[in-house]
2 protein chains.
Amino acid sequence: MSGKPSRIDQAYTALKSAIIEQALRPGDKLPEDEVGQLFSMSRTLVRQVFSRLNAEGLIEIGGKRPATVAIPSLDDAVAAFEVRQALEREVITLVIKRWNPEHKAALEAHLAREIEAAKAGSAPMSIRLAGEFHTLLAEMSGNPLLSRFVSDVVSRCSVVLAVYGRPHSADCGVHEHRDIIDAIAAGDATSAWDLMRHHLGEVEARALIGSSEDSPRSLADMLSPYVEGGAGTKARPAKNRGRPRLQVVKENR
Amino acid sequence: MSGKPSRIDQAYTALKSAIIEQALRPGDKLPEDEVGQLFSMSRTLVRQVFSRLNAEGLIEIGGKRPATVAIPSLDDAVAAFEVRQALEREVITLVIKRWNPEHKAALEAHLAREIEAAKAGSAPMSIRLAGEFHTLLAEMSGNPLLSRFVSDVVSRCSVVLAVYGRPHSADCGVHEHRDIIDAIAAGDATSAWDLMRHHLGEVEARALIGSSEDSPRSLADMLSPYVEGGAGTKARPAKNRGRPRLQVVKENR
DNA sequence: TGATTACCTATCGTATACAATCTTACGTGG
DNA sequence: CCACGTAAGATTGTATACGATAGGTAATCA
């Protein structure tokens, strides 16, 4: 599909995935040079990556402190779901308008993967796929801008879930995805809207207390599955050698 | 209001204004170091500014050529207005829900400025105020994320107008703004939606042929009203002196 | 022993330096 | 006169260097 994702894109995707799958948790610190070493790039590029992540509300940068994984306020959470409702409503309208068999096939395939992940009990995978269901739907709207906005707001909602959601219940109602697909396939916009509203309401309702214990690990450990090559312990540009000083960066507060 | 807008913010605002008011026209080139000299900052910071402008679809960066003011495709244009409809519908819903006298006063004041600008025949001012009416409304929704999205999409629509719109007709129906305020004040969501839909339809309808003549000028001339201090001919950090080599950068193609 | 202060390290903000690549202009050959 | 190849210049991509500042740590004093 995409010819050559730049290193920036790779790091961006890796960090985004790590945050959404909750390998990095809200409040975790992300020092620029450490991340740079992990991805074998200079702070200049890390900064660009951070800039993008910040624009999507996934991390917070600015005040000369290290960047941190975002901790959305309750207001932010409500706002995100409010906007999400409006956007996904439009998505449904457009998808129904442009509905075709390929769309159905793609959604069915995705749903199958969701079910599989749920059966396997893979929480990170489930979380990721649940979000991707909505971005996939958005892409079918044929409106790239809408798609971008939805992707953005879905990311924000994922972080909200990480902060306020119950630890593990993020299977996001695969059932409900099933019903939404059917309603869209039937061309029934009204009931699809209702289903989506109910579905997002359910997701939002999981915004309750969700204190999860802290187990401090190193940034390298948390990110290693996402770094190309599997770890940050090789392919460094022959500088700053020795033990890479990857220590506890986890924020315990 | 805001304590200290950083130099980055100033440059961002200046360039955004210049683009929206069509002092910079789609296709115009924006070399990093030249812009940096105009705003007395290094390319590093210019890059951050460009990154933000790019995220909002105002300029295009990337392929190792100079950044250019964006030229949205027709598809982009349609997409922007589609999303805008959905977002502004939600705005109306929320504003009605939180309606209070201060909101009315602020909108009336803004409308007065719009009328004044229209009477004075100041096209750039009119264009800017017409857009700001919608962002102002969005801010009253009390949802910062929605506000950001609306601001983003309104910017995109402004550029679309610059590319496809008729040269001067951008007074954006002050009348219609009047009616929308009234409908919201009356708490009549349905008719406010209709009015907004019609209004945006009108704006979108101006996307016809809009060939405007080219009159090559220097980037410094085009931007000088937006640079703090009024011109880029002073306060440069004691380097690269002499005549600043500001030549024709206008893209004529 | 507890609070306070001075220092010191970590980390970021900004500028600059160097390398890669595209654009443009010019000269040469058909 | 036009097409094409080559070289010079302009412009961006990436890395590094330097200065500023916040936060933590340890030593000091009551």
May I have the list of side-chain donor-acceptor pairs in residues 66-81 of chain A shorter than 3.5 Å, sequence neighbours left out?
| residue | atom | partner | partner atom | Å |
| --- | --- | --- | --- | --- |
| A/Ser73 | OG | A/Asp75 | N | 3.4 |
| A/Ser73 | OG | A/Asp76 | N | 3.0 |
| A/Ser73 | OG | A/Asp76 | OD2 | 3.1 |
| A/Asp76 | OD2 | A/Ser73 | N | 3.1 |

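- For D/dA15, neither phosphate oxygen OP1 nor OP2 lies less than 4.0 angstrom from any side-chain nitrogen or oxygen of B/Arg43.
- Here D/dA10 presents its P atom at 12 Å from CD of B/Glu34, a figure rounded to the nearest Å.
- Residue-level contact check: A/Gly36 touches neither bases nor backbone, having no heavy atom under 4.0 Å from any strand.
- For A/Ile8 and D/dT12, the CD1 to P distance is 15 Å, given to the nearest whole Å.
- Remark: P of D/dA22 and NZ of A/Lys29 are 15 Å apart, rounded to the nearest angstrom.
- No hydrogens or angles considered: a donor-acceptor pair under 3.5 Å links the side chains of A/Ser17 and A/Arg128.
- In this entry the distance linking CZ of A/Phe39 with C1' of D/dT14 reads 18 Å, nearest Å.
- For the pair A/Gln48 and A/Arg65, nearest-nucleotide mapping onto DNA chain D gives the more 5' position to A/Gln48.
- At whole-Å resolution of the value, CD1 in A/Ile61 and C1' in C/dT11 are 14 Å apart.
- Between the CD atom of A/Glu60 and the C1' atom of C/dC12 there is a distance of 16 Å, rounded to whole Å.
- When the C1' atom of C/dA20 is taken as reference, atom CZ of A/Arg7 falls 13 Å away, rounded to whole Å.
- Here B/Leu15 contributes atom CG and B/Gln10 contributes atom CD; the two are 11.5 Å apart, rounded to the nearest 0.5 Å.
- Remark: the backbone N or O of A/Ser147 is not paired with any side-chain donor or acceptor of A/Ser151 at under 3.5 angstrom.
- For A/Pro66, the side-chain atoms get nearest to C/dT11 when compared with the rest of D/dT21, C/dT11, D/dT11.
- One atom, CG of B/Leu45, and another, C1' of C/dT16, lie 12 Å apart when rounded to the nearest Å.
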